[in-house]
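A short write-up of the structure that comes next.
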Amino acid sequence: MSVVSLLGVSVVNNPAKFTDKYQLEITFECLEPLTKDLEWKLTYVGSANSSEYDQELDNLLVGPIPVGVNKFLFEADPPNVSKLPSAEILGVTVILLTCAYDGREFVRVGYYVSNEYDTPELQNEPPKQPILDRIVRNMLTEKPRVTRFAIKWDSEDSAPAEFPPDQPEADEAEDDADQYGAEEAAIQAALEAAEAEAEAEVADEGEDVEMGGAEETAGPSEAAEKIDEGAESEDLEAESSGESDEEDEAEAEEDAEMGDAEMGDAPVDAAPTDAAAAASKLTTA
């Protein structure tokens with residue numbers, strides 16, 4: 001169990017200019033008297049690619065620590081721009097707040113920090129040389145990343161176990177490696193049998209599909225033969241109907257000749273008179 005518990009961190013000036021100091025109000029609780037001070041540090045991560053650009057902004061020793069809830073204000077200077085890569089001044093980086101007791105770190109709080117210009121014009125077209133007075137930093141305090149470590153405090157009883165406790169029951173238990181191997185072999189055999197059965201079913205289904213396809217192809221060929229037969233019968237009927245039409249036309253011509261012979265006394269000018277009357281009606285219309 002940790003003797004000191006971090007209860008909260010409040011950023012006093014946020015957002016702020018890039019050149020302003022960091023001001024953090026820290027609240028923690030101490031459960032028992034301590035013989036040494038707590039060491040608080042604030043570190044600025046200058047580059048995501050290398051830790052050589054990390055800067056310790058400030059460190060503070062707090063003590064003696066009374067038992068109970070304690071609160072103090074931690075102030076730190078902004079990072080030294082000359083030690084930062086110019087291409088990584090703008091954008092998102094990280095601030096780390098850590099606390100150690102007797103050189104042993106027991107808590108770490110990380111915040112994302114966004115550095116950007118204060119106007120849309122500069123944000124869209126940032127100058128090659130950063131203008132520090134126009135850069136605004138914003139610490140994302142809503143979602144800090146808190147990591148705690150178990151350490152040794154003043155008493156030996158508080159020291160965390162360096163090795164796992166002895167388990168004599170586990171040492172006396174029988175070796176079940178063979179049993180695990182047998183189970184794995186049985187599972188593998190069952191899987192192979194299931195795969196073989198599935199392949200056999202797929203093969204049977206494939207044969208049925210091929211036979212069904214042969215029947216389907218036979219159907220259209222028979223239908224085509226029937227269509228061809230029907231066409232031949234239609235042609236034969238057409239030929240027979242043509243011959244009958246020729247006979248009918250011959251009989252009609254004979255009847256017409258006989259009619260003309262009988263109607264030889266009828267006036268020949270009747271048809272032209274009717275045609276002329278029809279033509280005069282069309283013209284009038």
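Only heavy atoms go into these numbers, but all of them, side chains included; no hydrogens, no water, no symmetry mates.
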If you link I, L, V, M, F, W and Y whenever their side-chain heavy atoms are under 4.5 Å apart, who else ends up in the same group as Leu7? Val69
Can you confirm whether Phe149 sits close enough to Val107 that some side-chain heavy atom of one is under 4.5 Å from a side-chain heavy atom of the other? no
Quick note, salt bridge (Lys or Arg N to Asp or Glu O under 4.0 Å) partners involving residues 137-147, not counting sequence neighbours, are none
For a 4.5 angstrom cut-off between non-hydrogen side-chain atoms, does Val9 reach Pro144? no
Could you measure the distance from the CD1 atom of Ile26 to the CG atom of Leu42? Nearest 0.5 Å is fine. 8.0 Å
Within the distance-only criterion (no hydrogens, no angle test), does the side chain of Asp133 pair as donor or acceptor with the backbone N or O of Ile131 below 3.5 angstrom? no
According to side chain to side chain donor-acceptor pair (under 3.5 Å), does anything in residues 54-67 pair up with another residue at least two apart or in another chain? List the pairs. Glu56-Asn59
Qualifying ring-ring contact (aromatic ring centres under 6.0 Å, His included) pairs, either residue in residues 45-79, two or more places apart: Trp40-Phe72
What distance separates Leu97 CG from Lys41 NZ, expressed to the nearest 0.5 Å? 12.0 Å
Side-chain (Asp37) to main-chain (Leu61) donor-acceptor, under 3.5 angstrom: no
Indicate the atoms forming the closest heavy-atom contact of Ser2 with Leu31, along with that distance. O-CD1, 3.6 Å
Please check this pair: side chain of Gln123 against backbone of Tyr117, looking for a donor-acceptor N/O pair closer than 3.5 Å. yes
Between the NZ atom in Lys36 and the CG atom in Asp154, the distance rounded to the nearest 0.5 Å is 5.5 Å
Taking atom OG of Ser47 and atom NZ of Lys83, what is their separation to the nearest 0.5 Å? 15.5 Å
List for me each residue that meets salt bridge (charged side-chain N to carboxylate O under 4.0 Å, His left out) alongside Arg134, sequence neighbours excluded, and say none if there are none. Asp118
Are Ile151 and Leu6 co-members of a hydrophobic cluster defined by side-chain heavy atoms under 4.5 Å apart? yes
Heavy atoms only: give me the nearest Glu52-Ser50 pair and the separation to one decimal. CG-OG, 3.0 Å
Linking I/L/V/M/F/W/Y whenever any side-chain heavy atoms sit under 4.5 Å apart, do Leu57 and Leu73 land together? no
Cluster overlap Val136 with Val113, hydrophobic side-chain contacts below 4.5 Å: no
Nonpolar side-chain network containing Tyr112, other nodes, edges under 4.5 Å: Val45, Val92, Val94, Leu96, Leu140
If a pair satisfies salt bridge (Lys or Arg N to Asp or Glu O under 4.0 Å) and one of its residues is in residues 89-116, list it, with sequence neighbours excluded. Asp102-Arg104, Glu105-Arg108
Which pair of heavy atoms, one from Gly46 and one from Pro85, lies closest together, and at what distance? O-CD, 3.9 Å
Salt bridge (charged side-chain N to carboxylate O under 4.0 Å, His left out) filter on Lys21, not counting sequence neighbours, yields Asp77
Looking at Thr141, is its backbone amide N or carbonyl O close enough to the side chain of Asn14 to form a donor-acceptor pair, meaning the two atoms are under 3.5 Å apart? no
Could you check whether any side-chain heavy atom of Leu84 comes within less than 4.5 Å of a side-chain heavy atom of Pro79, counting everything from C-beta outward? yes
As an exercise, state the distance from CZ of Phe18 to CG of Asn115, rounded to the nearest 0.5 Å. 5.5 Å
Who pairs with Thr119 by side-chain hydrogen bond (donor to acceptor under 3.5 Å, both in side chains), at least two apart in sequence or on another chain? none
Under a 4.5 Å side-chain heavy-atom rule over Ile, Leu, Val, Met, Phe, Trp and Tyr, are Val109 and Val12 clustered together? no
Show every ring-ring contact (aromatic ring centres under 6.0 Å, His included) that has at least one partner inside residues 76-109, sequence neighbours left out. Tyr101-Trp153, Phe106-Trp153
Quick one: pull up OG1 in Thr27 and CG in Asn70 and give me the separation to the nearest 0.5 Å. 9.0 Å
Shortest non-hydrogen separation from Gln23 to Asn13 and the atoms involved: N-OD1, 3.4 Å
Side-chain heavy atoms under 4.5 Å apart, restricted to Ile/Leu/Val/Met/Phe/Trp/Tyr: what other residues fall into the cluster of Val67, or is it alone? none
Applying ring-ring contact (aromatic ring centres under 6.0 Å, His included) as the test, list every pair that has at least one member in residues 122-148; sequence neighbours left out. none
